[in-house]
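As structure tokens, the structure follows; a few thoughts come after it.
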Amino acid sequence: VLSSATTIEQTLTFKPDNSFASQVAVLHPDAAFKGLTVLLAEEKRLAKDSTFFLPSIEHQEFAVRHQESLDRVNASSKKEAVDKSFGQVSMVAVGSQYFASALVDKSQILPEVDVKAPIQGELAAQLTYKPATLSDRMELQWIGYAGPRSLSQRRSVVPAFEDIVNFGFFSPIGKILLICLKCFHSF
């Protein structure tokens with residue numbers, strides 16, 4: 001329970017490119033203030049059964065950029081749940097191969113992230129901001145995106161959102177091929 005002196009203010013700015021900017025100010029936190037949590041959630045869609053001759057291409061995954069590396073966590077398993085934690089996260093996304101929701105942190109405090117994908121239910125990425133010391137005013141900022149996995153659209157919002165698209169093992173070749181295909185399609 002926070003004291004009556006602790007105040008949390010949030011400002012959201014929505015933009016036409018499916019993105020938004022969030023600024024949160026924590027004013028006069030008392031000793032009971034342990035941090036702030038943000039939840040990024042999506043309904044889990046169970047993948048259809050597949051065979052060798054008819055594989056399923058539908059999947060959902062988390063993409064987490066932390067400590068200058070990018071990890072992808074498959075969240076589509078019908079047999080095992082996912083529960084992983086990451087520290088010092090600068091970007092987290094959850095989505096299918098067509099749509100994604102993502103947050104890029106712009107704060108001085110980098111959050112910890114727990115990604116959870118139960119066998120059935122809701123996929124969740126929980127960002128937790130835990131300040132080392134309390135100050136009279138703490139500000140947290142992030143940019144969010146919810147929409148299609150259009151590489152050009154997301155790159156115009158924040159270049160870090162480019163990591164949401166999974167080109168697989170041959171990522172450098174995949175990006176070049178995508179640019180070539182877009183060029184041919186423009187004629």
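The shown structure was predicted, so the numbers you read here are calculated from the model rather than taken from an experiment.
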Fill in: Full working for side-chain contact (heavy atoms from CB on, under 4.5 Å) between V64 and V115
CA-CA 9 Å; V64 181; V115 295; 4.2 Å; yes
Practice prompt. Answer yes or no: is there an ion pair linking E122 with K44, defined by an N-O contact shorter than 4.0 Å?
Written response: no
Distance check, rounded to the nearest 0.5 Å: [X] atom [atom1] versus [Y] atom [atom2]?
X: E61; Y: S96; atom1: CD; atom2: OG; result: 9.5 Å
X: E112; Y: Q88; atom1: CD; atom2: CD; result: 9.0 Å
X: R65; Y: R72; atom1: CZ; atom2: CZ; result: 9.0 Å
X: K116; Y: L123; atom1: NZ; atom2: CG; result: 12.5 Å
X: Q23; Y: I143; atom1: CD; atom2: CD1; result: 10.0 Å
X: I176; Y: C180; atom1: CD1; atom2: SG; result: 7.5 Å

Practice prompt. Take S85 and D114, measure what side chain to side chain donor-acceptor pair (under 3.5 Å) needs, and give me the verdict at the end.
Written response: CA-CA 4 Å; S85 297; D114 294 323; 2.5 Å; yes
According to a 4.5 Å side-chain heavy-atom criterion applied to Ile, Leu, Val, Met, Phe, Trp and Tyr, with indirect links allowed, do [X] and [Y] form part of one hydrophobic cluster?
X: L27; Y: L12; answer: no
X: L70; Y: V104; answer: yes
X: L110; Y: M91; answer: no
X: L103; Y: F14; answer: yes

Heavy-atom closest pair, residues [X] and [Y]:
X: V92; Y: V113; result: CG2-CG1, 4.1 Å
X: A102; Y: L40; result: CA-CD2, 4.1 Å
X: K79; Y: I119; result: O-CD1, 3.7 Å
X: P29; Y: T6; result: CA-OG1, 3.6 Å
X: Y145; Y: F20; result: N-CE2, 4.1 Å
X: A75; Y: F62; result: CB-CE1, 3.9 Å

Practice prompt. Could you please spell out the steps behind the side-chain contact (heavy atoms from CB on, under 4.5 Å) verdict for V73 and F86?
Written response: CA-CA 11 Å; V73 179; F86 301 93; 3.9 Å; yes
Worksheet item: In terms of the angle between their ring planes, are Y129 and W142 parallel, tilted or perpendicular, with boundaries placed at 30° and 60°?
Response: parallel
Discussion item. Using modelled atom types and a 3.5 Å cut-off, is there a donor and acceptor pairing between side-chain atoms of S76 and backbone atoms of Q60?
Written reply: yes
Worksheet item: What do the steps show when you test I109 against L140 for side-chain contact (heavy atoms from CB on, under 4.5 Å), and what is the final call?
Response: CA-CA 7 Å; I109 303 169; L140 306 171; 4.1 Å; yes
Item to complete: Would you check, one step at a time, whether the test side-chain contact (heavy atoms from CB on, under 4.5 Å) holds for F33 with V26?
Response: CA-CA 10 Å; F33 182 77; V26 181; 3.9 Å; yes
Item to complete: Would you mind telling me which of Q10, M138, Q141 makes a side chain to side chain contact (heavy atoms under 4.5 Å, CB included) with V24?
Response: Q10
